[in-house]
Amino acid sequence: MHSSIIGLWTLMTSAAAAKTCYNVTVEVPVTARNGVFDKISTPQTNFDATSFVLSATKQGRNMTEIALSGYTTVSGHYNISTQYCMPNNAGNSAYTLQILTHGMGFDKTYWDLPYNNYDYSYVDYVLSRGYHTFSYDRLGFGKSSHGDAKNEIQAFLEVEALAQLTRLVRNGEMPNTKAPAKIVHVGHSFGSAQTVALSAMYPELSDALVLTGYSTSCDYMPMFLSGANFQQARLNGKNSDYTAGYLTNADVGNNVYLFFYPPHFDTSLLEFAEENKQPMTIGELMTITGLPAESSFTGPVYVIDGANDVPFCGGDCLNTGGKSASIPAGVKMVFPSASAFSAYIQPNTGHAMNLHYNATGAYKQINDFLEANGLMSKSHYHNHARHHQ
């Protein structure tokens, strides 16, 4: 695959976390068939961003179809910023690795929030259950390579980057790691959509899937686009290293609307989220609905959403008009061959599940499902058995 390691350093977190993490930037070759959207221009100003959303949210209109003129192959070598974490007492036993893909508006710290002594850290919770984790800044964001916001950083290219990273890890080609016994792909929001696409295109790369903040419904995407009040990321001071067409929600109020459910979160954490928010690209917004709609994946699949998720449930995941138990339960149609499927609704929670008071309750639901379906790490199983003898 001709990948190369760019830089490597070790990060030790607080003793309470009892973990060892390695931050590695890896260069991967990525090739994808991207959409050509030459019928629209990349928004250059905040006014242009609003005009784009006005066009994209007009009822009965499919902006992607209108703007798409064809497809082209995009290829390049990209730097991806990654973090691999393991429990301090990991030993040499076979282990299960969770590969974590963040959603729009975040980077890999979504999974390992350094807020309030890592109280909200999904990584810390997972390590306590004996798993290892591999998180990364999606291609185009954070400390990974950025790119052209319309033509390059689209869903297709990002899925291929995830596939390349997964192969590296599965083959034991990342530094300080050995090949895992099993791999669980965990996504949030757009990261879940990419995880579904990965399982459809390369089902052999995953042993189980966890989809957080996700459903198959596109009905509420206009609420997300309108509620963001998009502005050019490069003009807001915090994200000045991004180019035109990288858009971010305008302010704290928009952040609350998109990701939170008042009053079930720490308002100081909201300030942290606002200070560290990441953008999304016009290319992503044009391709999020173009990913594969069905997967032949045969492993277990778990879907979990905040009950009050806006972008995928319109603020009420249980209001289905009697069609199914919940809106996320409809994801089952995507996975007709899954060995196990479960959809869970987390109460009093908005779209960014990890940033609410009851986040660790959601983490327990996820990992109880994985454990019940044979995805527990052997090292944890032995420790667990010894503890109960």
Side-chain angles (χ1 to χ4, degrees), residues 13-14 16-17 46 49 53 100-125 135 137-138 141-143 186-192 212-214 220-221 223-240 242 246-280 304-317 345-363 365-366:
T13 64
S14 66
N46 291 338
V53 172
L100 313 174
T101 303
H102 65 85
M104 290 181 175
F106 297 96
D107 57 20
K108 63 180 176 290
T109 60
Y110 175 78
W111 303 106
D112 193 27
L113 280 176
Y115 179 79
N116 205 20
N117 199 29
Y118 291 85
D119 277 357
Y120 295 80
S121 172
Y122 180 79
V123 168
D124 281 4
Y125 181 87
S135 57
D137 289 346
R138 292 199 333 261
F141 303 94
K143 295 176 181 174
V186 183
H188 175 251
S189 190
F190 191 38
S192 289
T212 76
Y214 178 74
Y220 313 106
M221 213 39 73
M223 292 175 68
F224 180 80
L225 294 175
S226 304
N229 186 18
F230 280 130
Q231 312 224 318
Q232 295 283 345
R234 66 197 171 101
L235 302 180
N236 71 9
K238 291 191 285 279
N239 302 123
S240 56
Y242 290 102
Y246 274 89
L247 308 177
T248 188
N249 62 73
D251 58 29
V252 173
N254 300 120
N255 221 341
V256 172
Y257 179 85
L258 297 183
F259 298 114
F260 292 85
Y261 184 57
H264 303 282
F265 60 90
D266 179 348
T267 52
S268 295
L269 177 52
L270 173 60
E271 293 168 21
F272 176 89
E274 175 67 15
E275 191 60 33
N276 293 280
K277 67 184 179 185
Q278 291 289 324
M280 51 209 80
I304 181 169
D305 282 77
N308 310 97
D309 186 298
V310 167
F312 287 97
C313 293
D316 186 356
C317 286
I345 305 303
Q346 177 75 354
N348 298 323
T349 302
H351 185 53
M353 195 169 65
N354 294 18
L355 277 60
H356 288 72
Y357 283 134
N358 57 4
T360 52
Y363 303 164
Q365 294 288 340
I366 292 168

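This structure is a prediction, so every number in the text was calculated from the model and none was measured. The basis for the numbers below is simple: all heavy atoms, side chains too, and nothing from hydrogens, waters or symmetry mates.
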S.K.: Let me have the donor-acceptor pairs involving side chains of residues 272-279, under 3.5 Å, with sequence neighbours excluded, atom names and distances please.
M.R.:
unit_1 : atom_1 : unit_2 : atom_2 : d
E274   : OE1    : N255   : ND2    : 3.0
E274   : OE1    : K277   : NZ     : 3.4
E274   : OE2    : K277   : NZ     : 2.8
N276   : ND2    : F272   : O      : 2.8
K277   : NZ     : N249   : O      : 2.6
K277   : NZ     : N249   : OD1    : 3.2
Q278   : OE1    : G142   : N      : 3.4
Q278   : OE1    : Y242   : OH     : 2.5

S.K.: Distance check, rounded to the nearest 0.5 Å: M223 atom CE versus L258 atom CG?
M.R.: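 Those atoms lie 10.0 Å apart.
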S.K.: Look at atom CZ of F224 and say whether more than 12 heavy atoms of other residues, nucleotides or ligands are closer to it than 6.0 Å.
M.R.: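 Above 12, so yes.
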S.K.: What residues form a side-chain hydrogen bond (donor to acceptor under 3.5 Å, both in side chains) with T101, not counting sequence neighbours?
M.R.: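 For T101 the side-chain hydrogen bond (donor to acceptor under 3.5 Å, both in side chains) partners, ignoring immediate neighbours, are Y136.
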S.K.: When you check the gap from the basic side-chain N to the acidic O, do K108 and D137 get nearer than 4.0 Å?
M.R.: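 A salt bridge links K108 with D137.
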S.K.: Where the side chain of D251 meets the backbone of G253, is there a donor-acceptor pair that is under 3.5 Å apart?
M.R.: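 At least one qualifying donor-acceptor pair exists.
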S.K.: How long is the gap from CZ on F312 to CZ on F190, to the nearest 0.5 Å?
M.R.: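 The CZ atom of F312 sits 9.0 Å away from the CZ atom of F190.
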S.K.: Hydrogens and angles aside, do Y110 and N354 bring a side-chain donor and acceptor to less than 3.5 Å of each other?
M.R.: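 Yes - a donor-acceptor pair under 3.5 Å links their side chains.
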S.K.: Hey, is the main chain of I345 close enough, under 3.5 Å, to the side chain of Q365 for a donor-acceptor pair?
M.R.: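 Such a contact is absent between Q365 side chain and I345 backbone.
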S.K.: Taking only residues two or more places apart in sequence or in another chain, which ones pass side-chain hydrogen bond (donor to acceptor under 3.5 Å, both in side chains) with N236?
M.R.: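 N236 satisfies side-chain hydrogen bond (donor to acceptor under 3.5 Å, both in side chains) with N239 once adjacent residues are dropped.
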S.K.: Could you work out, with side-chain hydrogen bond (donor to acceptor under 3.5 Å, both in side chains) as the rule, every residue matching D266, not counting sequence neighbours?
M.R.: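 Scan of D266 (side-chain hydrogen bond (donor to acceptor under 3.5 Å, both in side chains), adjacent residues dropped) gives Y115.
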S.K.: H102: what forms a side-chain hydrogen bond (donor to acceptor under 3.5 Å, both in side chains) with it, not counting sequence neighbours?
M.R.: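 R138.
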S.K.: Only pairs at least two apart or in different chains count here, so list each side-chain hydrogen bond (donor to acceptor under 3.5 Å, both in side chains) that has a residue in residues 223-232.
M.R.: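 Not a single pair qualifies under side-chain hydrogen bond (donor to acceptor under 3.5 Å, both in side chains).
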S.K.: In Å and rounded to the nearest 0.5 Å, what is the NE2 to NE2 distance from H356 to H351?
M.R.: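 Result: 10.5 Å between the selected atoms.
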S.K.: When you measure from the side chain of D107 to the backbone N and O of T109, does any donor-acceptor pair fall under 3.5 Å?
M.R.: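 Indeed, once roles are kept as given, a pair shorter than 3.5 Å links the two residues.
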